[in-house]
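The structure under discussion appears below in the form of structure tokens.
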Amino acid sequence: SVSYAKIEMRRRHTLIGAMMIHMGAADAMICGTFGTHRLHLHYVDQVIGRRPGATVYGAMNILMLPGRQVAIVDTHVNIDPSAEQVAELTVMAAEQLRRLGVVPRVALLSHSNFGSSDAPSALKMREALALLHQRAPDLKVDGEMHADCALDPAMRRTIMPNSTLDGEANLLVCPGIDAANIAYNLLKTTAGNNVAIGPILLGAARPLHILTASATVRRIINMTALAVLDANSPRQPGLPLARLAVEGRLLRIGVDELALDGAETSRMAEALGHPVGSAAAQAVVARTEGWPAATYLALRGADGPVPPDDP
């Protein structure tokens with residue numbers, strides 16, 4: 001009803017932020033630090049919807065591991081995606097990596113290793129590979145395979161000398177949400193020092209990302225920077241500012257005023273054509289409209305001093 005819609009618009013921050021984007025008052029959104037991913041995605045789908053041609057949403061997380069960077073799909077949205085959905089998610093994830101300056105090398109993961117099982121999940125990944133060969137013939141992809149084969153080229157050459165995938169895979173596509181989410185959290189905690197980017201929402205019509213309640217300050221900073229860069233990338237150089245809806249409030253950030261936390265995110269920004277200073281961790285200052293100076297977002301490295309308030 002109209003009355004219930006008015007109540008929701010007063011109390012649901014994600015709905016408010018999505019409506020701000022819809023009405024042109026904001027260009028991007030970060031949400032999800034409370035509640036479930038599905039709750040926030042419901043409001044995003046109602047107000048923003050999917051991008052043209054997309055039939056599914058997905059979530060990609062990027063892990064900064066010792067000696068490598070690995071992206072995992074789909075960590076939060078599709079419980080048991082079909083082969084069609086796996087193929088579509090793979091293409092969208094590969095596009096996002098290219099926008100970050102990364103050449104995607106895709107492994108379709110399974111308990112089956114190049115045909116060692118004919119279980120339904122293995123057949124699904126095999127079918128997804130055939131679809132990808134048709135729809136994205138230039139994409140470096142192979143499967144279905146074990147995770148160790150994906151990350152160890154020597155092992156893969158021994159098992160499957162004719163594999164079409166060269167080098168270590170950097171995009172791991174899992175057969176379902178259980179495998180993807182468990183793998184992401186295990187790697188993040190045991191090997192990644194809790195350093196991650198994401199979840200990056202795939203398939204939405206506008207730049208917006210649904211985080212999780214466990215998101216660290218560093219992760220929020222990284223995702224804020226990514227949303228700003230996504231919002232600015234299609235713009236002309238004369239329009240350096242993007243408006244970001246954060247929990248229903250309007251935040252105005254200039255990409256030239258952002259110095260990202262960590263070398264990896266600086267490289268990410270530079271790959272998109274937005275220089276943000278040196279690769280060393282520097283202060284991140286988000287200039288806000290209508291907020292007191294005490295609410296300015298500042299970070300130096302991981303836990304350095306916060307700059308004093310502006311006069």
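For this chain, numbers begin at 1 and follow the sequence in order. Please read all numbers here as calculations on a predicted model, not as lab measurements.
Residue Arg105 holds its CZ atom at 7.0 Å from NZ of Lys140, rounded to the nearest 0.5 Å. Interatomic distance, CE of Met60 versus CD1 of Ile72, reported as 11.0 Å (0.5 Å rounding). Taken to the nearest 0.5 Å, the CD atom of Gln85 stands 9.5 Å off from the CE atom of Met92.
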Just do the side-chain contact (heavy atoms from CB on, under 4.5 Å) check on Val173 and Leu89 with the steps written out, would you? CA-CA 8 Å; Val173 180; Leu89 289 167; 5.8 Å; no

Tell me, with the steps shown, if Asp118 and Arg126 meet salt bridge (charged side-chain N to carboxylate O under 4.0 Å, His left out). CA-CA 10 Å; Asp118 286 331; Arg126 220 170 292 163; 3.0 Å; yes

Going through the distances and angles, do Phe114 and His146 end up as a side-chain contact (heavy atoms from CB on, under 4.5 Å)? CA-CA 8 Å; Phe114 297 107; His146 289 173; over 6 Å; no

Show your reasoning for whether side-chain contact (heavy atoms from CB on, under 4.5 Å) applies to Ile159 and Asn113. CA-CA 9 Å; Ile159 296 174; Asn113 207 25; 3.5 Å; yes

Report the C-alpha distance between His37 and Tyr57 in whole Å, list the side-chain angles of each, state the deciding distance to 0.1 Å, and finish with yes or no for ring pair (Phe, Tyr, Trp, His ring centres under 6.0 Å). CA-CA 12 Å; His37 194 280; Tyr57 294 104; 9.4 Å; no

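The existence of a salt bridge linking Arg51 and Glu95 is confirmed by a sub-4.0 Å separation between a basic side-chain nitrogen and an acidic carboxylate oxygen. Salt bridge Arg68/Glu168: present, at least one basic N to carboxylate O contact under 4.0 Å. Residues Lys124 and Glu84 are not paired through a salt bridge, judged by the lack of any N-O separation under 4.0 Å between the basic side chain and the carboxylate.
In terms of heavy atoms, Pro199 sits closest to Ala59 at CB-CB, 4.1 Å.
Between the side chain of Arg157 and the main chain of Asp166, no donor-acceptor pair closer than 3.5 Å is present. With hydrogens and angles ignored, the 3.5 Å screen pairs no side-chain donor or acceptor of Asp45 with any backbone N or O of Gly49.
Residue Glu144 is tested with Ser110, Ser121, Ser112 for a side-chain hydrogen bond (donor to acceptor under 3.5 Å, both in side chains); the sole match is Ser112.
More than 12 heavy atoms of other shown residues, nucleotides or ligands fall within 6.0 angstrom of atom NE2 in His111.
Under the 3.5 Å distance criterion, with hydrogens and angles disregarded, a donor-acceptor pair is assigned to the side chains of Thr75 and Asn61.
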